[in-house]
A.B. asks: 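What follows is a structure written as C-alpha cells; I'll ask about it next.
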Amino acid sequence: MKRRTKIVVLGSALLLTAGAASAATASDAPRQREAASDAPRQREAAALTGTAKLYRSAGDDITFSFDAHLAAEDKADPSKATGTFEFSHYLNGEGARAEVKVDCLLTGGKVAVVSGVVTDSDLPGAKGKRVGVTVHDLGRHDRLGYSWASTGSPVDTKELPKCVSSAPFEKVRKGTGDFTVVPWQPEL
C-alpha cells in the first residue's frame, strides 16, 4: 500500500472509532446524569437544628430554635457558618425575644456552640450584641447553656468573641427536646 493510502485508511479508522465512541457517550449521557444525581452528596461540615423549651419550675416560657450550618467547603473555618437562631423568655406575660444571625458554629460529638449577632429584638439594647449558646444533644434529655448565664441578660455581656458560651446547665422541658448536632470533623 502506498503511504498516502495508509494515511487515508488510518484517518478513516480513527474517524469511525471517534464516531462510535461519541455515539456510545451520547447514549450513556442520561445514565451518567442519573448516576451523578444518585451519588451521595458531601455532608455539611457541622450543623445545629431544632427547637426546645427550657424547664423552669416557676413556669417561665423559654424557647430556643436553631437553624445553623457550616458547609462542607468551609470545613476549615467555623466562622463561615450561616443560618439563624431565635430565643424568647416570658413569664406572666412579660419578657422578650430575639433573632440572631449566625457568625460561628463549632460542634464536637453531640455538643454544639453557636454564636451570632442579634438582628431583631424587643429587649432594649440587645440589637447588635453578640450572643452564644451551647447545646448538648442527648435525645429526649437535651441540655442548653447561654453566654449571658453569669450576667443575667444578653445586654450586659461585653464584647463576646465568636463561638463562646457557657456549659449546657439548663434542662430542656420533657417532650420538647429535638436538637440535632452534626459533629464537626476538621482536618487536623
A.B. asks: Would you say that R43 contacts V182 through its side chain, given a criterion of any heavy-atom pair below 4.5 Å between the two side chains?
C.D. replies: yes

A.B. asks: Closer than 3.5 angstrom, by distance alone: can the side chain of S165 be matched with the main-chain N or O of T134 as a donor-acceptor pair?
C.D. replies: yes

A.B. asks: Is there any salt bridge (charged side-chain N to carboxylate O under 4.0 Å, His left out) pair reaching into residues 128-141, and which pairs are they, with sequence neighbours excluded?
C.D. replies: D103-R130, K110-D137

A.B. asks: Please identify each residue that fulfils side chain to side chain donor-acceptor pair (under 3.5 Å) with S121, with sequence neighbours left out.
C.D. replies: none

A.B. asks: For the side chain of S166 and the backbone of Y146, is there at least one donor-acceptor N/O pair under 3.5 Å apart?
C.D. replies: yes

A.B. asks: Name the atoms and distances for all side-chain donor-acceptor pairs under 3.5 Å in residues 90-101, with sequence neighbours left out.
C.D. replies:
residue : atom : partner : partner atom : Å
R97     : NH2  : E99     : OE2          : 2.8
R97     : NH2  : D120    : OD2          : 2.8

A.B. asks: Distance check, rounded to the nearest 0.5 Å: L54 atom CG versus L144 atom CG?
C.D. replies: 5.5 Å

A.B. asks: Can the ring centroids of F66 and F87 be said to lie less than 6.0 angstrom from one another?
C.D. replies: no

A.B. asks: By side chain to side chain contact (heavy atoms under 4.5 Å, CB included), which residues pair with A52, not counting sequence neighbours?
C.D. replies: V172, T176, F179

A.B. asks: Return each pair, listed once, that meets salt bridge (charged side-chain N to carboxylate O under 4.0 Å, His left out) where at least one residue sits in residues 50-59; pairs must be two or more places apart or across chains.
C.D. replies: K53-D61, R56-D60, R56-E170

A.B. asks: W184 side chain to K75 main-chain N or O, any donor-acceptor pair under 3.5 Å?
C.D. replies: yes

A.B. asks: Give me each pair satisfying salt bridge (charged side-chain N to carboxylate O under 4.0 Å, His left out) with a member in residues 155-164, each pair once, sequence neighbours excluded.
C.D. replies: none

A.B. asks: Apart from L160 itself, what residues make up its hydrophobic cluster when side-chain heavy atoms of I, L, V, M, F, W and Y under 4.5 Å apart count as a link, directly or indirectly?
C.D. replies: V164

A.B. asks: Taking S115 for its side chain and C163 for its backbone only, find out whether a donor-acceptor pair lies under 3.5 Å.
C.D. replies: yes

A.B. asks: Looking only at non-hydrogen atoms, find the nearest pair between A68 and V114 and report the distance.
C.D. replies: CB-CG2, 4.0 Å

A.B. asks: Determine whether V102 and T82 make a side-chain contact, defined as any pair of heavy atoms from C-beta on separated by less than 4.5 Å.
C.D. replies: no

A.B. asks: Has the side chain of D142 got a donor or acceptor atom that lies under 3.5 Å from a matching backbone atom of G139?
C.D. replies: yes

A.B. asks: Do you know the tightest heavy-atom contact between S147 and T157?
C.D. replies: O-OG1, 4.3 Å

A.B. asks: Could you pull out the closest heavy-atom pair between A112 and L48, with the gap in Å?
C.D. replies: CB-CD2, 4.1 Å

A.B. asks: Please go through L123's hydrophobic cluster and name the other residues, only I, L, V, M, F, W, Y counting, with side-chain heavy atoms under 4.5 Å joining them.
C.D. replies: V155

A.B. asks: Just to verify, what does D67 make a salt bridge (charged side-chain N to carboxylate O under 4.0 Å, His left out) with, not counting sequence neighbours?
C.D. replies: none

A.B. asks: Quick one: salt bridge (charged side-chain N to carboxylate O under 4.0 Å, His left out) pairs with a partner in residues 174-184, sequence neighbours left out?
C.D. replies: none

A.B. asks: Among residues at least two apart in sequence or on other chains, which ones pass salt bridge (charged side-chain N to carboxylate O under 4.0 Å, His left out) with E73?
C.D. replies: none

A.B. asks: Excluding sequence neighbours, so at least two apart, what forms side chain to side chain donor-acceptor pair (under 3.5 Å) with T119?
C.D. replies: none

